[in-house]
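Remarks on the structure that follows.
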There are 2 protein chains.
Amino acid sequence: MITALPSPTDHRQDVCCQSISVAPPVDESRDFARKLKALSDPTRLQLLHLIAAHPGGSACICHLTEPLGVTQPTVSHHMRLLAESGFVTREQRGKWAFYTIRPGALKDLGEYLIDLSRLHG
Amino acid sequence: MITALPSPTDHRQDVCCQSISVAPPVDESRDFARKLKALSDPTRLQLLHLIAAHPGGSACICHLTEPLGVTQPTVSHHMRLLAESGFVTREQRGKWAFYTIRPGALKDLGEYLIDLSRLHG
DNA sequence: TCCTCGCATAGACGATCATCTATCAGACTC
DNA sequence: GAGTCTGATAGATGATCGTCTATGCGAGGA
C-alpha cells in the first residue's frame, strides 16, 4: 500500500519516500535465513568444497578432518547441520559414513539471492 | 593429491574412498561465510525485501521499522551490518537516511552458491 | 537559538554457536 | 567374543549474536 507519493515538484519537507507496507514474506524469510545460516561458517563452506571436489560429489568423513585442522567431533557436528539443512545426504557404507552434495539445495538458494537482486520496483 | 583410488574390483576393506587433499580456498571461504552470515537473519532478509520493493531499490529507514515489528535501533543495527557486507549503500538526504540495494553483491553471492553446486569432480 | 525529528551509538542481557575433551554405539577383523 | 576402527553424542566453555532501553548527534523548522 502506498501512502505517500512525492513527485519531483513536491516541496513538502516532511515526506521522505514512498511508504510501502507490503508485508515481507515472513515464513519464507525465516526458512531461507536458516539455510543461509547453515552456510555462514567458513569450516562448513570448506567441507562443501572438499566434498564437491570428490568424484560424484561424495566423500567419507575420514578424509575431511585432517585437511581442515579441526577435530573429528567438530566435523561430525558441521556435517549434521549441513544434512539437517538439506545440503548433503548421509549414507552408511560398511564402517564408513559417506556424505553426498545435494546440488539442487545450493542451486535453489543461489537463485533465491539472484531473484532478490532483481526485485527492484 | 590422490592417495587411494579403489576400483570396483578393489576388495581391500580398509579403503573407503579417494582422499582428496586439495586445500580448500580458506580466505575465499572466510569471506563468503561472512557475507552469508550477514544474510542469515530473517529480519535482515525482510529488510532487503522491503527495500527492494521500493522504487529504485531505495528506501529510508523511517518506513522500515513499523512493518517488521522491531525497534528503530534494531533496524539501524541490521542496516549497518548489511551495509558493512556490501549489500546496501547508505546515503543521507536531509534528515533522512536512505539505503539502496546493491544488486551486484546479491548476484555475486548467488552465483557463488550455484558454482559450488556444479563443482562435482 | 531552541525545539523537534530521524537515526546512530552505548551498554546490557539472554540465546545461540563453534569448538573442545570424553565417551558411547555400531561394524568389521581375528 | 575381544579388540579395533569409524563416527556420533554429551557436556562444558568462551565467543558471537539479536534485541532491548537509554542516550547522543546532526539536520531542519519555528
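Only this structure's heavy atoms are used, side chains among them; waters, hydrogens and symmetry mates stay out.
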N or O in side chain of B/Thr71 less than 4.0 angstrom from D/dT19 OP1/OP2: no
Closest non-hydrogen atom pair between A/Ser29 and B/Pro42, with its separation: CB-O, 4.0 Å
Kindly give the atom pairs (protein nitrogen or oxygen, nucleotide nitrogen or oxygen) under 3.5 Å for nucleotides 7-9 of chain D.
unit_1, atom_1, unit_2, atom_2, d
D/dG7, OP1, A/Ala97, N, 3.2
D/dG7, OP2, A/Cys62, N, 3.1
D/dA8, OP1, A/Arg90, NE, 3.1
D/dA8, OP1, A/Tyr99, OH, 2.7
D/dA8, OP2, A/Ser76, OG, 2.2
D/dA8, O5', A/Ser76, OG, 3.3
D/dA8, N7, A/Gln72, NE2, 2.8
D/dA8, N6, A/Gln72, OE1, 3.3

Atom pair distance, as rounded to whole Å: CD in B/Glu66 and P in C/dC7: 14 Å
Atom-pair distance (CD on B/Glu84; C1' on D/dC17), nearest Å: 14 Å
With A/Arg80, the side-chain hydrogen bond (donor to acceptor under 3.5 Å, both in side chains) member among A/His78, A/Glu84, A/His77: A/Glu84
Side-chain ion pair, A/Glu28 and A/Arg30, N-O less than 4.0 Å: no
Atom-to-atom span, CG of B/Leu47 to P of C/dC7 - whole angstrom: 13 Å
Residue pair B/Arg44, B/Gln46: steps toward the side chain to side chain donor-acceptor pair (under 3.5 Å) verdict: CA-CA 5 Å; B/Arg44 287 196 286 276; B/Gln46 291 179 66; over 6 Å; no
Euclidean distance, atom CG of residue A/Leu81 to atom C1' of C/dT19 [Å, nearest integer]: 12 Å
A/Arg102 to A/Phe87, cation-pi by 6.0 Å centre distance and 45° axis angle: no
Separation of atom CD in A/Gln46 from atom P in C/dA18, rounded to whole Å: 14 Å
Distance below 4.0 Å between B/Thr43 side-chain N/O and D/dG18 OP1 or OP2: no
For atom CG of B/Asp41 and atom P of D/dC17, their distance in whole Å: 11 Å
Touch class at under 4.0 angstrom, heavy-atom based, for B/Arg93 against every strand present: nothing
Parallel, tilted or perpendicular: rings of A/Tyr112 and A/Phe32 (30°, 60°): parallel
